[in-house]
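Read through the structure below, which is laid out as C-alpha cells, and then see the notes.
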Amino acid sequence: MPAQVSGKRYAQAIFELAREQGQLDQWAEDLQLVNQALQDEEFKAFLKHAEVPAADKIKAINTVLSGVHPLVQNLVHILVTGGLVDLLPQLHQAYEALLDEHLGRQRVEVTSAIPLEDQELERITIFLSGLIEKEVVATTVVDESILGGVVIRMGDRLLDGSARSRLEGLRNRLRSGMSLSGT
C-alpha cells in the first residue's frame, strides 16, 4: 500500500522556509493566489492531464503565477510534475493554520439566520477573543434554517446558540417528560 502524501508535511516544510526568510505573510498571499488559480477547472485539468508534457505545464505555471515568489512556483512545479495538483488546496489550508498558530490567532465561522451588522460581528469577535485569549478572525455565513441566534465554529469546537437548537432541546425535554409521565 503506497504511503499517503499529506499537504500538512509540505506546509510544515514551506512554513519553516518562509519563517527563515521572514516572508510568512508573502508566502500566505502567494499560496492564496495559487489556490485561486486552481479554482479555474480548465487550468487545473490542464495541469493534471497525463498527456501534457511537464515542460508545458511548467511554462503555464510560470505564466499564470508570474507574480508569486520563485520558491512558491518551484513548489507548484514539484507538486504538478509529481501528480499532486489536488494536494495544493490542502497545503494552503495547512499553511494558513500554521501561520494562525504562529501569530496567536483563531479563525472562526459565525453562522446566523440573517446577515450580521458590523457592530454585532465585532461584539461576537471581542467576546470570543476574550474567551480563548487569541486574536479572532471571523468569517460569516447566512443560513436561514437556524431561525435565529448564531452558531460559532472554532476549529473542532461548536457553540450552538441557534433558535433551532434551543427549540429541538425543548422538544426533546417535552418528549422525555411525556414518556416519563405516560408510564
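As the structure is a prediction and not an experimental result, all values here were calculated from the model.
Between N172 and R175 there is a side-chain heavy-atom pair separated by less than 4.5 Å. Under the 4.5 Å side-chain criterion, counting only non-hydrogen atoms from C-beta, R123 is in contact with E120. With contacts defined as side-chain heavy-atom distances shorter than 4.5 Å, the pair V85/K44 qualifies. Looking at V34 and L75, their side chains never come closer than 4.5 Å, going by heavy atoms from C-beta outward. Looking at heavy atoms from C-beta onward, L116 lies in side-chain contact with I124 at the 4.5 angstrom threshold. The closest side-chain heavy-atom distance from W27 to L99 is not below 4.5 Å. At least one side-chain heavy atom of L128 sits less than 4.5 Å from a side-chain heavy atom of L159. Residues L38 and D86 have side chains not in contact (no heavy-atom distance under 4.5 Å, counting atoms from C-beta outward).
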Open item on the list: Go through it in stages, so that I can follow the logic: the residues are E29 and Q32, the test is side chain to side chain contact (heavy atoms under 4.5 Å, CB included), and I'd like the CA-CA distance, side-chain angles, deciding distance and then a yes or no.
Closed with: CA-CA 5 Å; E29 291 172 16; Q32 177 63 35; 5.5 Å; no

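With values rounded to the nearest 0.5 angstrom, I14 atom CD1 is found 12.0 Å from N74 atom CG. If you take CE on M154 and CZ on R107, they are separated by 15.0 Å, rounding to the nearest 0.5 Å. Rounding to the nearest 0.5 Å gives a distance of 10.0 Å between CD of E109 and CG of L158. Here the NE2-CD distance, from H49 to E42, works out to 13.0 Å after rounding to the nearest 0.5 Å. Put simply, CG on L65 and NE2 on H77 are 8.0 Å apart, with the number rounded to the nearest 0.5 Å. Separation of atoms OG1 (T125) and CD (E135) is listed at 10.0 Å; rounding is to 0.5 Å.
In this structure, L170 places its CG atom where more than 12 heavy-atom neighbours from other residues, nucleotides or ligands lie under 6.0 Å away. Around atom CD of E101, no more than 12 heavy atoms belonging to other residues, nucleotides or ligands sit under 6.0 Å away. Within a 6.0 Å sphere centred on CD of Q36, heavy atoms belonging to other residues, nucleotides or ligands number more than 12. The number of heavy atoms from other shown groups lying within 6.0 Å of CD (E144) does not exceed 12. More than 12 non-hydrogen atoms from other residues, nucleotides or ligands lie less than 6.0 angstrom from CD of E96.
Cluster membership for I58 and V76, using ILVMFWY side-chain heavy atoms within less than 4.5 angstrom, is not shared. Cluster membership for L147 and V150, using ILVMFWY side-chain heavy atoms within less than 4.5 angstrom, is not shared. Under a hydrophobic clustering in which Ile, Leu, Val, Met, Phe, Trp and Tyr are joined whenever their side-chain heavy atoms come within less than 4.5 Å, directly or via other members, L87 and I78 fall into different clusters. Cluster membership check: I146 does not share its hydrophobic cluster with I152, using side-chain heavy-atom separations under 4.5 Å among Ile, Leu, Val, Met, Phe, Trp and Tyr. L98 and L103 end up in the same hydrophobic cluster when Ile, Leu, Val, Met, Phe, Trp and Tyr side chains are linked at under 4.5 Å.
Classification of the F15-H102 ring pair by plane angle, with boundaries at 30° and 60°, yields perpendicular.
Side-chain contact, T111 with R153: no donor N or O sits under 3.5 Å from an acceptor N or O.
Checked by atom type and distance alone, the side chain of S129 pairs as donor or acceptor with a backbone atom of K134 at under 3.5 Å.
Screening Q21, E16, Q23 for a side-chain hydrogen bond (donor to acceptor under 3.5 Å, both in side chains) with R19, the sole residue that qualifies is E16.
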